[in-house]
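Everything below concerns the one structure shown next.
Just the heavy atoms: all of them, side chains too, but no hydrogens, waters or symmetry mates, feed the values below.
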Amino acid sequence: MAVVTLSVLEGRERGRIHRDLQTPVTIGREEENHIQLNDERISRMHAKLQDDNGTIIFTDLNSTNGSRINGHPVSLRILRPGDHLQLGRSTLLFGSDLEIGQRARELGCSVSDLLPVSRELDSESESDEEAGTSQNVLPEEFCEDLLPQLFVGETPPLPEGLTGTQRARLSDLLMYVHDLQNQVLRSAVEVDAEQGVQEVHWHQVQNLLQLQRQLAIWLKDVASPEE
């Protein structure tokens with residue numbers, strides 16, 4: 001089992017830090033959840049975080065109002081330190097200070113590139129250890145606007161351990177997306193070199209919209225295979 005840290009940035013529990021929670025972790029409005037959020041827009045059992053060989057996976061549990069991560073609606077997502085989980089009116093930050101700092105170093109960027117605001121918070125303070133609790137209070141300046149990016153400075157890796165058939169199917173999907181995008185790029189005509197303006201025919205835009213629709217369907221199917 002892995003352990004996770006979640007800090008509440010917005011909502012009625014704003015300022016709470018839930019440290020070293022053992023997975024799986026459930027979030028919702030009911031008391032039996034590991035993290036209870038008093039928010040009428042959050043379902044009784046809203047979402048779950050679980051460990052899969054060291055990877056923390058977020059799953060929306062068919063909640064009424066859905067979930068967003070970094071401003072994007074998601075049903076299934078591999079979490080990365082610095083991600084913002086937006087459930088109802090509540091926003092939670094995933095990862096401890098140490099984990100977020102380590103990720104920033106791995107990406108070769110500053111912590112401020114991952115977070116909407118910089119902060120100074122000693123997550124291992126003596127007062128926390130003496131209190132023996134997984135919750136503490138964040139400074140007011142920590143709760144600001146959110147970073148509206150789903151991926152920051154990195155490209156998701158390809159899945160490993162696939163069978164031959166699965167690898168071939170994944171290759172087909174990637175080639176399908178690549179081919180449609182390539183058709184759009186090759187059809188672009190430069191209309192203003194100084195301004196860097198190019199024109200794309202409307203039917204190519206329709207192809208992109210069709211691709212976006214198909215990707216949305218695939219995302220739903222992957223997140224809810226039982227359906």
Side-chain donor-acceptor distances from residues 168-176 under 3.5 Å, at least two apart:
none

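- Judged by distance alone, the side chains of T23 and D51 never bring a donor and an acceptor atom under 3.5 Å apart.
- At distances below 3.5 Å, at least one donor-acceptor pair connects side-chain atoms of N65 with backbone N or O atoms of R41.
- Proximity of V8 to H18: side-chain heavy atoms (C-beta onward) are separated by under 4.5 Å at one or more points.
- Nearest heavy atoms, V200 versus S187: CG1-OG, 4.0 Å.
- As a member of the Ile/Leu/Val/Met/Phe/Trp/Tyr network built from side-chain separations under 4.5 Å, V189 groups with nothing else and remains a singleton.
- Here the side chains of I69 and F94 are not in contact, with every heavy-atom distance at 4.5 Å or above.
- Shown here are the salt bridge (charged side-chain N to carboxylate O under 4.0 Å, His left out) partners of R68, two or more places apart in sequence or in another chain: there are none.
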Are D179 and Q183 close enough, and set up right, to give a side chain to side chain contact (heavy atoms under 4.5 Å, CB included), and what steps lead you there?
CA-CA 6 Å; D179 185 54; Q183 290 180 33; 3.0 Å; yes

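- In this structure, CD in Q214 is found 10.0 Å from CG in L180, a value given to the nearest 0.5 Å.
- Counting heavy atoms from C-beta outward, L79 and V4 have side chains that stay 4.5 Å or more apart.
- No donor-acceptor distance shorter than 3.5 angstrom exists from the side chain of E31 to the backbone of Q36, with no hydrogens or angles considered.
- Listed by chain and residue number, R89 satisfy the salt bridge (charged side-chain N to carboxylate O under 4.0 Å, His left out) test with E40 (two or more places apart in sequence, or in another chain).
- The minimum heavy-atom distance between D192 and Q195, with the atom names listed, is OD1-N, 3.1 Å.
- Criterion: ILVMFWY side-chain heavy atoms under 4.5 Å apart, direct or through other members. Under it, V184 and V205 are part of a common hydrophobic cluster.
- Among pairs with a residue in residues 197-206, those fulfilling side chain to side chain donor-acceptor pair (under 3.5 Å) read H201-H203, Q204-N207, at least two apart in sequence or across chains.
- Shown here for T59 and Q50, the closest heavy-atom pair between the two residues is OG1-NE2, 4.1 Å.
- Taking every heavy atom of both residues into account, R80 and P156 meet most closely at NH2-CB, 4.0 Å.
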Give the C-alpha distance, both sets of side-chain angles, the deciding distance and a yes or no for side chain to side chain contact (heavy atoms under 4.5 Å, CB included) between L92 and L9.
CA-CA 6 Å; L92 294 83; L9 305 184; over 6 Å; no

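- A 4.5 Å side-chain heavy-atom check between L93 and H84 finds at least one atom pair inside the cut-off.
- Counting heavy atoms from C-beta on, the side chains of Q212 and L209 come closer than 4.5 Å.
- Residues S90 and L37 share a closest heavy-atom pair of CB-CD1, 3.9 Å.
- In this structure the side chain of L49 never reaches within 4.5 angstrom of the side chain of L21, judged on heavy atoms.
- Side chain of R29 to main chain of I42: a donor-acceptor pair is present (N/O by atom type, distance under 3.5 Å, no hydrogens or angles).
- Closest approach of I78 and D83 over heavy atoms only: O-OD2, 4.1 Å.
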Report the C-alpha separation of S63 and D60 in whole Å, then their side-chain angles, then the decisive distance to 0.1 Å, and conclude whether the side-chain hydrogen bond (donor to acceptor under 3.5 Å, both in side chains) test is met.
CA-CA 6 Å; S63 63; D60 182 275; 2.7 Å; yes

Evaluation steps, side chain to side chain contact (heavy atoms under 4.5 Å, CB included), between N38 and E13:
CA-CA 7 Å; N38 188 10; E13 284 72 32; 3.4 Å; yes

Is there a side chain to side chain contact (heavy atoms under 4.5 Å, CB included) between S67 and L85? Walk through the geometry before answering.
CA-CA 7 Å; S67 303; L85 286 56; over 6 Å; no

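- Grouped by direct or indirect side-chain proximity (heavy atoms under 4.5 Å, Ile/Leu/Val/Met/Phe/Trp/Tyr only), M45 sits with L61.
- With contacts defined as side-chain heavy-atom distances shorter than 4.5 Å, the pair L211/Q181 qualifies.
- Between atom CD1 of residue I17 and atom OG1 of residue T5 there is a gap of 8.5 Å, rounded to the nearest 0.5 Å.
- Under a 3.5 Å cut-off, the side chain of T26 and the backbone N or O of N33 do not form any donor-acceptor pair.
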